[in-house]
Amino acid sequence: MMLGTVRRFGVSHALRATAPRSISARLATQLAKCQIPSALSSLAATRSLHSSFPRLSAATAEAIVEETEPSKSAILTEFSDLATDNLIHNKIIKNIIQPDRMNLKTMTEVQSLTLNEIVKGDDILAQAKTGTGKTLAFLVPTLQNILNDPSVDVSKVGRRSARTGPSEIRALIISPTRELAEQIAVEARKVAFGTGLVVQTAVGGTQKRAGLIKIQQEGCHLLIGTPGRLKDILSDPWTGVSAPKLNTLILDEADRLLDQGFAPDVEEIQSLLPDPTKVDRQTLMFSATVPREVMQMVRQTLKPDFKHVNTVREDEVPTHHRVPQKLVYTRGLENSLPALLELAQNWQSRRDNGEELRPFKAIAYFNSTAETKVASDAFNNLARNSEFRQSSMRNMRLLEINSRLTQALRTRSADNFRKAREGILFSSDVTARGMDFPDVTHIVQIGVPRDRETYIHRLGRTARAGKEGEGWLFMHRAEQDVYRKRLGRLPLQLDTTLESADADISQTFSNDTSVGKIVNQVTEGLAQCDGATKVKSYMGQLGTTTGNFNSKREAIQAINQLFTVGYNMQSLPELSPRLMQQMGLNRIDGVSAGDGSRQRREGGFSRGGDRGSRGGFSRGGDRGERGGFSRGGDRGGFSRGGDRGERSGFSRGGDRGGFSRGGDRGSFTRGGDRGDRGDRPSRPRRSFDESSVDDSFRF
Ligand SMILES: Nc1ncnc2c1ncn2[C@@H]1O[C@H](COP(=O)(O)OP(=O)(O)OP(=O)(O)O)[C@@H](O)[C@H]1O
């Protein structure tokens, strides 16, 4: 059984387990032979926090002892043991282990396997499952290496005189999203506390000038940022950020940064760093997924003798075994939101009935940014009704996050969700990677995600650091083929417990049944949503969902039904000829062609409620007072330009067929929202949602 792999390219060490997961007599003898600290043997047998959190197990330790002849520090597993041979600065260790600080005790497998190699200066590609502590795995040794650098005057560190601006930057971490960059910085500051090392961020959506002044005044040893902003400040001589002594580059979520969306920026950033023939550079790459397609880029970026540390067994899916993953077929696309509400309500009711369950805290992932807004608005609308307010759902925080929001709103949503005890975060893929929200119990993916990696990273927002969690995938039956082709082997099990997933929403429901109540609540919530938002969501789904179905026509039929039945809109949005051409659509497919004049004539959009009374409940009784539109209020409006420097998605260039238009630079993307490219001085590219809306509707 393969437990983990450390490969030096050229010299390869495969770590094969030959012992059960408990310490063996043989291991004990070998540990003694190798003079490994006695703490290790007890540690290998101990599971301090959670039995399923991947630590360096006895078996792995044994494998290392057998096959890699490590130095003794190579297999340290306790943070406190890092004091041995002064491997890691005492202050850093204290910050990690002290109960009033980070309060961590035992290293995870990826931490144990990479720490010594990074301190030695090797280039590393490290792959380990989501939520297994990769951030600390690169932060601790990197901060230590900065302290070890003789040109960093440790005696002066911490004093003002030692802070000499950007020229002191020794290490750079690139992250695909702003929130992740900020999160890494928070962790880095905790680790570096009291050492005098200064950590700064450079992310899009924040004031560039203010950030630069901070770096100038406070200094910077470790800079963490998003590709666009980093490229911007490093390439602009006026910023004064040149980092001549920088000798460490870290790509977190490396496979994402090396794919075609970000690779050009990352390459450019590398070219702006000191010439590696003059300043030796260590490069580290970390991710939970390393698809074969990026390996060529990995080899081009790392030194030829880089090490590949892989804690995911070759025969294993890179999701956690302990996370039940359930698949729900929905009758139509309009069934997803009722099914989500039912899932949350069922869970909360079970808690009310005395089951020992953590409060429902879920992230609902959508494939386009506009869908997150419709869903979030609908849930916030329905949460105002008295039945909801008196139910077990009453304390739910209902939050939205996607790259179209202003950075201030994004940060607020992320912070509020972090703090929330129970709630739902309606999210695009902007939070899919790296984000460490505590105590997330459920990940609900609505529609088949764009690729297997996206599925894995989204799912990885739950069950972190050894905790429990569950994953749900809601999809239309007609997405089955794409689901199999795109996601490959995954341990999903069919679930048929959610009644509203299969309800015929076009029917009238009475409030006497629980499914009726759920459908009616969602319908009412949606009826109060802004028509413009619904149109954007329709457009977004033409971009994302169409490629998920077997036939375009079938997909458009389903999206049309979502719009008319689910969103309760009378007439379909008109698509301009240009847009139809861009999307490869024609009337036969079932879209409505026009120049958008119908929408303009009708003052925007059909306001819903005109499909006749459906009895059983009043549809949007308060819409008169509110003019039929929900304006977002503190839930964050739709930012159409304040935040345009970032990309809200990119096309992977034809891997899914459908509408892909030549990689990431086309005017039309598939509506995803996978990362930030920071602020750009040049004219921003348009994303799918923007282009479609600008072409067909002006509102
Ligand atoms: N040795 C440890 N013991 C216990 N908890 C840890 C340890 N190391 C890190 N953690 C905690 O585990 C959680 C997940 O860590 P982290 O965010 O670094 O995971 P990751 O592997 O980078 O995940 P992802 O692949 O999603 O980016 C964090 O809350 C972190 O504080």
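When a ligand or atom number is given, it counts from 1 through the structure's own listing order. Here, residue 1 is the first one in the sequence, and each next residue gets the next number.
Looking at Lys361, Arg464, Arg358, Arg421 one by one, the single match for salt bridge (charged side-chain N to carboxylate O under 4.0 Å, His left out) with Asp439 turns out to be Arg358.
Below 4.0 Å from some heavy atom of Thr135 lie the following atoms of ligand 1, by number and element: 16 (P), 17 (O), 18 (O), 22 (O). Heavy-atom proximity to Gly434, at under 4.0 Å, picks out these atoms of ligand 1: 26 (O), 27 (O). Close contacts of ligand 1 with Thr106, meaning ligand atoms under 4.0 Å from a residue heavy atom, involve 1 (N), 2 (C), 3 (N). Numbered from 1 in the order shown, with element, the atoms of ligand 1 that lie under 4.0 Å from a heavy atom of Thr108 read 1 (N), 2 (C).
For the residue pair His457 / Arg433, a side-chain donor-acceptor distance below 3.5 Å is found, with atom types taken as modelled. For the residue pair Ser175/Asp252, the side-chain donor-acceptor check at 3.5 Å is not satisfied. The closest side-chain donor-acceptor pair between Tyr455 and Gln325 falls under 3.5 angstrom.
Distances from atom 24 (P) of ligand 1 to the heavy atoms of Ala465, Gly131, Ala288 show the closest one on Gly131. For atom 15 (O) of ligand 1, the candidate residues are Ala128, Gly460, Gly133, Ser112; the nearest heavy-atom contact is made by Gly133.
Classification of Arg412 and Asp415 as a salt-bridged pair fails, no side-chain N sitting under 4.0 Å from a carboxylate O.
Taking the six-membered ring for Trp and thresholds of 30 and 60 degrees, Phe306 and His308 have ring planes inclined between 30 and 60 degrees apart.
Contacts of Glu187 with ligand 1, taken as heavy-atom pairs under 4.0 Å, involve the side chain alone. Under 4.0 Å from ligand 1, the heavy atoms of Asp436 that appear belong solely to its side chain. Residue-level proximity to ligand 1 for Glu253 is carried by the side chain, the only part with a heavy atom below 4.0 angstrom. When heavy-atom distances to ligand 1 are checked against a 4.0 Å cut-off, Phe79 comes that close only through its side chain, counted from C-beta outward.
Cation-pi geometry between Lys419 and Phe437 is not met: the NZ or CZ atom fails to fall both under 6.0 Å from the ring centre and inside 45° of the normal.
In terms of polar-atom proximity, Arg464 is counted as a contact of ligand 1, with an N or O under 3.5 Å from an N or O of the ligand. The distance criterion of under 3.5 Å between nitrogen or oxygen atoms is met by Thr132 with respect to ligand 1.
Using a 4.0 angstrom heavy-atom cutoff, Arg461 counts as in contact with ligand 1. Contact between Lys129 and ligand 1 is present, with at least one heavy atom of the residue lying under 4.0 Å from the ligand. Residue contact check for ligand 1: His457 places no non-hydrogen atom closer than 4.0 Å to it. Proximity of Met102 to ligand 1 is not established, as no heavy-atom distance is less than 4.0 Å.
Separation of atoms CE (Met475) and CD (Gln445) is listed at 12.0 Å; rounding is to 0.5 Å.
A 4.5 Å side-chain heavy-atom check between Asn145 and Val119 finds at least one atom pair inside the cut-off.
For Asn95, there are no side chain to side chain donor-acceptor pair (under 3.5 Å) partners at least two apart in sequence or on another chain.
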